S.K.: 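Here's a structure for you.
Atom set for the values below is all heavy atoms of this structure, side chains included, hydrogens, waters and symmetry mates excluded. Residue numbers run from 1 in the order of the sequence given. When a ligand or atom number is given, it counts from 1 through the structure's own listing order. Computed from a predicted model, the values in this text were never measured in an experiment.
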Amino acid sequence: MKRVGIIGIGTYVPDQIVTNIDLESKIDTNDEWIRTRTGIEERRIAGEEMDTSHMAILAAKRALENASLQAEDIDMILVATATPDHPFPSVACMVQEALGVMNIPAMDVSAACSGFIYAMATAKPFIETDTYKNVLVIGSEKFTKTLDWEDRTTCVLFGDGAGAVILSEVSSDRGILSVDLGADGSGADYLYIDSETGKIKMNGREVYKFAVRQMPESSLHVVDKAGLKKEDVDFLIPHQANIRIIDAARERLGLDKEKVSTTVTKHGNTSAASIPLALFSEIENGLIHEGDVIVMVGFGGGLTWGSICLKWGK
Ligand code: COA
């Protein structure tokens, strides 16, 4: 069986930065509350003209460039998003059109903030079995369009952005070692977008309890499935929702702070885009090295969770 890994990555975040202090003048909140409860300091907000597909296309072009591939080299497009431009056509079809690659399969994957992990897991067997060579996997969200700016318990948490990777065959000692996916629909009411208002509704306490339990569980499980021990993990890329949830996972894995991405401070929660955005940041920071064992782990609406353990490099 072929080994599947990341051969290129690209991201896009909108230029507009909104700090906690900026929010203080808009709603009844304060910088101290947001920072101590969530770790978030600022988030990016996309303008009217920029929807989920536009950010996805920009990230995809950068990922192609990073992989030294042309658009026509792509054999399949998967977009993880909870905030598509339309119920259909999918964002993936809009990306396909913009890239000018016709007749290849393109679809969106709906697993909320776990979506990027689900999409990577969906792509993997197509490459392993030689059905497709290069799969473009994107997480893109304009989450701010779902925010109710009257609801301070949710509107301070989210931001917009996109991240894309190209998955392809890599050498036999690199790439994805194991995958762990799961869902518990009994928690559907804890986090959802209301179909009448289009706005997000959340039971923060219940989501918090679920996340501090499930994110470490899934991380440990995927490491075990890879035949490794938690001591073998070099870097953790968790879904960026809340620094306290990230700390819980970090502690269960016994990792030092420097070995865990916390880009939630500058991006807020960008849902399906958060993991590729965090991964890209840590690559830019020079913290991801050839041969490192990396665990990427997400959780979110559904409720869903998912993790991937991979050995970095081609
Ligand atoms: N600014 C100021 N005060 C706020 C506030 C805000 N933005 N939002 C809520 N508060 C207030 C509440 O009204 C409450 O006041 P009260 O005690 O007078 O009623 C107080 O802060 C405490 O609220 P509470 O909900 O108990 O806070 P918390 O410690 O549970 O933290 C979350 C709230 C949302 C940060 C936390 O529950 C959380 O992170 N949950 C998970 C959310 C998540 O990750 N969602 C995405 C999943 S992908």
S.K.: Which ligand 1 atoms are under 4.0 Å away from a heavy-atom of V156?
M.R.: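 Selected atoms, number and element: 7 (N).
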S.K.: Nearest to atom 26 (O) of ligand 1, what protein heavy atom do you find, and at what distance?
M.R.: R205 NH2, 2.4 Å
S.K.: Do I17 and R44 have side-chain heavy atoms sitting under 4.5 Å apart?
M.R.: yes
S.K.: Atom OG of S274 and atom NE2 of H239: how far apart are they, to the nearest 0.5 Å?
M.R.: 4.5 Å
S.K.: Please say whether more than 12 non-hydrogen atoms of neighbouring residues, nucleotides or ligands are located less than 6.0 Å from CD in E24.
M.R.: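 Correct, the count exceeds 12.
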S.K.: With backbone taken as N, CA, C and O and side chain as the heavy atoms from C-beta onward, which portion of M202 lies under 4.0 Å from ligand 1: side chain, backbone, both, or neither?
M.R.: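 Side chain only.
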S.K.: Between CG of D234 and CD1 of I288, what distance do you get to the nearest 0.5 Å?
M.R.: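 Answer for the CG-CD1 pair, D234 versus I288, is 9.0 Å.
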S.K.: For atom 16 (P) of ligand 1, state whether the nearest protein heavy atom is under 4.0 Å away.
M.R.: no
S.K.: How about atom 28 (P) of ligand 1: does it have a protein heavy atom within less than 4.0 Å?
M.R.: yes
S.K.: Are R152 and D28 close enough for a salt bridge, meaning some N to O gap below 4.0 Å?
M.R.: yes
S.K.: Would you tell me which option among E206, E32, R152 has the nearest heavy-atom contact to atom 3 (N) of ligand 1?
M.R.: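 Selected option, by shortest heavy-atom distance: R152.
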S.K.: Look up atom 40 (N) of ligand 1 and tell me if a protein heavy atom lies less than 4.0 Å from it?
M.R.: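 For atom 40 (N) of ligand 1 the answer is yes, since some protein heavy atom falls inside 4.0 Å.
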S.K.: Counting heavy atoms only, which part of T153 comes closer than 4.0 Å to ligand 1: side chain, backbone, both or neither?
M.R.: both
S.K.: Just checking D15: does its CG atom have more than 12 heavy atoms from other residues, nucleotides or ligands closer to it than 6.0 angstrom?
M.R.: no
S.K.: Is it true that I294 and I9 fall in one hydrophobic cluster, defined by side-chain heavy atoms closer than 4.5 Å?
M.R.: yes
S.K.: What distance separates F299 CZ from L191 CG, expressed to the nearest 0.5 Å?
M.R.: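 F299 atom CZ to L191 atom CG measures 9.0 Å (nearest 0.5 Å).
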S.K.: Side chains of D160 and M55, heavy atoms from C-beta outward: is any pair under 4.5 Å?
M.R.: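 Yes, side chains in contact.
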S.K.: State which residue, out of V295, L177, V233, fulfils the side chain to side chain contact (heavy atoms under 4.5 Å, CB included) condition with L228.
M.R.: L177
S.K.: Checking a contact table here: which protein heavy atom is nearest atom 48 (S) of ligand 1, and how many Å away?
M.R.: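 Going by distance alone, atom 48 (S) of ligand 1 is nearest to C113 SG, 3.2 Å.
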S.K.: Between N269 and ligand 1, find which residue part has any heavy-atom pair under 4.0 Å and reply side chain, backbone, both or neither.
M.R.: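 The part of N269 near ligand 1 is the side chain, not the backbone.
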S.K.: Backbone, side chain, both or neither: what part of I27 comes under 4.0 angstrom of ligand 1, heavy atoms only?
M.R.: neither
S.K.: Check each atom of ligand 1 against the heavy atoms of F299 and keep those under 4.0 Å away; list them by number with element.
M.R.: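 What qualifies from ligand 1 is 47 (C), 48 (S).
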S.K.: Which ligand 1 atoms does A241 reach within 4.0 Å, using its non-hydrogen atoms?
M.R.: 44 (O)
S.K.: Taking a cutoff of less than 4.0 Å between a non-hydrogen atom of the residue and any ligand atom, is I34 in contact with ligand 1?
M.R.: no
S.K.: Could any protein non-hydrogen atom be found less than 4.0 Å from atom 44 (O) of ligand 1?
M.R.: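 Answer yes: something from the protein, a heavy atom, is under 4.0 Å.
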S.K.: Show, in sequence, the C-alpha distance, side-chain angles and deciding distance for D194 and K201, and conclude whether the salt bridge (charged side-chain N to carboxylate O under 4.0 Å, His left out) test is met.
M.R.: CA-CA 7 Å; D194 185 281; K201 300 272 178 218; 5.6 Å; no
S.K.: Just to confirm my output: which protein heavy-atom neighbour is closest to atom 31 (O) of ligand 1, and how far is it?
M.R.: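 In this structure, atom 31 (O) of ligand 1 has R244 NH2, 3.8 Å as its nearest protein heavy atom.
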S.K.: Would you indicate whether E32, at its atom CD, is surrounded by more than 12 heavy atoms from other residues, nucleotides or ligands within a distance under 6.0 Å?
M.R.: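 No, CD of E32 has 12 or fewer neighbouring heavy atoms, counting only those of other groups under 6.0 Å.
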S.K.: If you measure every N or O of T38 against every N or O of ligand 1, does any of those distances drop under 3.5 Å?
M.R.: no
S.K.: For ligand 1, which atoms, with element, lie under 4.0 Å from some heavy atom of L191?
M.R.: 47 (C)
S.K.: Report the distance from atom CZ of F158 to atom CD1 of I40, rounding to the nearest 0.5 Å.
M.R.: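 Output value for this atom pair is 8.0 Å.
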S.K.: Answer yes if a protein heavy atom lies under 4.0 Å from atom 9 (C) of ligand 1, otherwise answer no.
M.R.: yes
S.K.: Where's the contact between T29 and ligand 1, heavy-atom distance under 4.0 Å: side chain, backbone, both or neither?
M.R.: both
S.K.: Purely on distance, is any nitrogen or oxygen of R37 under 3.5 Å from one on ligand 1?
M.R.: yes
S.K.: Under 4.0 Å, heavy-atom basis, I'd like to know which part of W33 is in contact with ligand 1: side chain, backbone, both or neither.
M.R.: side chain
